[in-house]
Each structure stands twice: as structure tokens, then as C-alpha cells.
S.K.: 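Before I ask anything, here is the structure I am working with.
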Amino acid sequence: GTPGPIGPAGATGPTGPSGRQFDVLINGTSIADPSQDLAYLGFTGQGPGFLTSQNYRFDLVATALKSAFVLYSGPGCTGTARLFSEAGQTGVAFAGEIVQANGAVVYVPLANTAAPFAWASFFNFGTGNCDAASPGPTDTNDGIAFQPNSSAVTGYAIANPNNLVTTFQRQ
């Protein structure tokens, strides 16, 4: 035969688990504070990751903003600059990231894409030196355009990229 009428609603189920049971602070200020307005993404493999109110991501390594290699089209770190952007490598940056480059805080616009970039030199954040392409005179890797960080665009200002202490507190 045909199915009968729908019965009454059942009892309400148990309350589910609450959200995050801890607070995340950067330099002593909760990321939920309106001055921060960040979401915690978890551990990224290098350190804690965060998402800004404008959907830009940044990672901390120890107490510093993640660094990216800056590739230059000319010798001696001159000419057009791009951030190294090859998946699976260290010192890289991708669209939507805020990183440290040559000690400055920069961001990669969300719509930017990486493309092959012929470079002759790069700023080596590990040594603080400008190094030539090896074997030279140029090499080609994926690079991506970047701009100085603007909190109006990215949703987050970073005054000192080398002083970002993250702490976790149980609530």
C-alpha cells in the first residue's frame, strides 16, 4: 500500500561539542580581539597559521612571519622582483599570503598567479645576502608578483615581522 502520514518530530538530541577549547594570542592579544580579528588555521607544518578578515593567510615560524625568497631579473638583486612560488619547496609564497621578504612585510594579491620567471639573483633570507643564480647567468622558476603589505587590503598589520609570539591558553 501507500505510505502513511509523517509522524511527530522526535526528541531533541544531545548538545554537540563546543568550539575551540582554547584561546590563541599573538603578542599577548587574543586573535578574537577586534584589533586582531583572525581565525586560527592550526599547525601548518612550520608553525601556527592564521586567516585574516580579508581571507589572507600567514604562517609563523618560531616567533617570525614566514620568509620567502625574492628572485630578481638582474644581477645584484636589481630589476624586476618576484617571490619564489614553486610548490613543495621552502621559502615560497602563493596567492593570498602575507610573508616576509628581505625583512619587509609583503602580500601576494588573491588573484595573482605564478608564472615562469627568468632570474639572475635572489635575496637569500637564510644568509641575508644577495646570491647569483647558479650555474648562471640566469635560471627560471615560478615567481609571483607581490606588493608591500596594506592592512586595508589584507585585513592585518604587522609592525615587526620578527616579533610575533604565539601563545595558547585554555579557556
Side-chain angles (χ1 to χ4, degrees), residues 19-72 77 81-117 119 121-134 139-171:
R20 191 175 67 219
Q21 299 283 317
F22 60 95
D23 195 10
V24 181
L25 297 85
I26 298 177
N27 293 342
T29 303
S30 171
I31 64 171
D33 186 280
S35 69
Q36 301 280 336
D37 195 17
L38 298 170
Y40 176 62
L41 297 175
F43 189 78
T44 64
Q46 295 183 1
F50 300 92
L51 186 67
T52 73
S53 61
Q54 300 301 314
N55 296 316
Y56 280 85
R57 195 183 95 244
F58 67 92
D59 299 331
L60 302 181
V61 179
T63 59
L65 182 64
K66 178 182 116 174
S67 293
F69 290 114
V70 183
L71 309 175
Y72 292 90
C77 292
R82 295 286 184 267
L83 295 178
F84 184 47
S85 190
E86 296 222 352
Q89 302 295 318
T90 59
V92 297
F94 301 100
E97 273 195 286
I98 303 170
V99 297
Q100 185 175 174
N102 297 13
V105 179
V106 301
Y107 76 98
V108 180
L110 292 166
N112 284 14
T113 56
F117 180 71
W119 56 278
S121 59
F122 72 101
F123 182 80
N124 186 334
F125 63 81
T127 65
N129 297 321
C130 179
D131 293 338
S134 180
D139 200 348
T140 301
N141 290 97
D142 283 349
I144 196 163
F146 62 97
Q147 297 179 14
N149 188 48
S150 166
S151 61
V153 175
T154 65
Y156 195 65
I158 299 173
N160 182 346
N162 294 307
N163 184 28
L164 298 164
V165 178
T166 306
T167 53
F168 299 87
Q169 292 181 339
R170 288 191 59 91
Q171 293 178 332

S.K.: Applying side-chain hydrogen bond (donor to acceptor under 3.5 Å, both in side chains), run through Tyr107 and Gln147 and close with a yes or a no.
M.R.: CA-CA 6 Å; Tyr107 76 98; Gln147 297 179 14; 2.8 Å; yes
S.K.: What's the shortest heavy-atom distance between Asn162 and Ala64, and which atoms?
M.R.: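 Looking at all heavy atoms of both residues, the shortest contact is OD1-CB, 3.7 Å.
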S.K.: Among Phe123, Phe117, Phe122, which residue meets the ring pair (Phe, Tyr, Trp, His ring centres under 6.0 Å) test with Trp119?
M.R.: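 With Trp119 as partner, Phe123, Phe117, Phe122 yield a single ring pair (Phe, Tyr, Trp, His ring centres under 6.0 Å), made by Phe122.
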S.K.: State, to 0.1 Å, how close Val99 and Leu65 come at their nearest heavy-atom pair, and which atoms those are.
M.R.: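 The answer is C-CD2, 3.4 Å.
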S.K.: Between Ser67 (side chain) and Ala101 (backbone), is there a donor-acceptor pair under 3.5 Å?
M.R.: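 Between the backbone of Ala101 and the side chain of Ser67 there is no qualifying donor-acceptor contact (under 3.5 Å).
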S.K.: Please step through side-chain contact (heavy atoms from CB on, under 4.5 Å) for the pair Gln169 and Leu25, ending with a clear verdict.
M.R.: CA-CA 8 Å; Gln169 292 181 339; Leu25 297 85; 3.7 Å; yes
S.K.: Do you know which two heavy atoms are closest between Leu38 and Thr52, and how far apart they sit?
M.R.: CD2-CA, 3.8 Å
S.K.: Can you name the nearest heavy-atom pair linking Asp139 to Ser134, along with the distance?
M.R.: OD2-O, 4.2 Å
S.K.: What residues form a side-chain hydrogen bond (donor to acceptor under 3.5 Å, both in side chains) with Tyr72, not counting sequence neighbours?
M.R.: Asn102
S.K.: What distance do Gln54 atom CD and Ser150 atom OG have between them, rounded to the nearest 0.5 Å?
M.R.: 10.0 Å
S.K.: Can you name the residues that form a ring pair (Phe, Tyr, Trp, His ring centres under 6.0 Å) with Phe125, not counting sequence neighbours?
M.R.: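 Result, ring pair (Phe, Tyr, Trp, His ring centres under 6.0 Å) vs Phe125: Phe69.
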S.K.: Just checking, any donor-acceptor pair under 3.5 angstrom between side chains of Glu86 and Asn141?
M.R.: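 There is such a pair (donor and acceptor under 3.5 Å, judged by atom type) between the side chains of Glu86 and Asn141.
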S.K.: Looking at CG of Asn124 and CG of Asp131, how far apart are the two atoms once the value is rounded to the nearest 0.5 Å?
M.R.: 5.0 Å
S.K.: Checking side-chain contact (heavy atoms from CB on, under 4.5 Å) for the pair Asn163/Thr63: CA distance, chi angles, key distance, verdict?
M.R.: CA-CA 6 Å; Asn163 184 28; Thr63 59; 5.7 Å; no
S.K.: With side-chain hydrogen bond (donor to acceptor under 3.5 Å, both in side chains) as the criterion, how do Ser30 and Asp23 come out once you've worked through the C-alpha distance, each side chain's angles and the decisive distance to 0.1 Å?
M.R.: CA-CA 7 Å; Ser30 171; Asp23 195 10; 2.9 Å; yes
S.K.: Could you go through the side-chain contact (heavy atoms from CB on, under 4.5 Å) check for Val165 and Asn27 one step at a time?
M.R.: CA-CA 5 Å; Val165 178; Asn27 293 342; 3.7 Å; yes
S.K.: What's the separation between atom CD1 in Ile31 and atom OG1 in Thr166, rounded to the nearest 0.5 Å?
M.R.: 9.0 Å
S.K.: Go through it in stages, so that I can follow the logic: the residues are Tyr156 and Phe58, the test is ring pair (Phe, Tyr, Trp, His ring centres under 6.0 Å), and I'd like the CA-CA distance, side-chain angles, deciding distance and then a yes or no.
M.R.: CA-CA 10 Å; Tyr156 195 65; Phe58 67 92; 5.1 Å; yes
S.K.: Just how far is it from atom CG of Leu164 to atom CG of Leu60, taken to the nearest 0.5 Å?
M.R.: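 Those atoms lie 5.5 Å apart.
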S.K.: For the residue pair Thr140 and Pro116, what are the closest heavy atoms and their distance?
M.R.: CG2-CB, 3.9 Å
S.K.: Kindly determine whether Phe50 and Tyr56 satisfy side-chain contact (heavy atoms from CB on, under 4.5 Å), including the steps that lead there.
M.R.: CA-CA 8 Å; Phe50 300 92; Tyr56 280 85; over 6 Å; no
S.K.: Can any side-chain N or O of Lys66 pair as donor or acceptor with the backbone N or O of Val92 at less than 3.5 Å?
M.R.: yes
S.K.: Measure the CZ-CG distance between Arg57 and Leu51 for me, rounded to the nearest 0.5 Å.
M.R.: 9.0 Å
S.K.: So which atom in Asp59 and which in Gly49 form the shortest heavy-atom distance, rounded to 0.1 Å?
M.R.: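 Minimum heavy-atom separation between Asp59 and Gly49: OD1-CA, 3.5 Å.
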S.K.: Could you tell me the separation between the CD1 atom of Ile98 and the OG1 atom of Thr154, rounded to the nearest 0.5 Å?
M.R.: 4.0 Å
S.K.: Does any N or O in the side chain of Glu97 come within less than 3.5 Å of the main-chain N or O of Phe94, such that one atom is a donor and the other an acceptor?
M.R.: yes
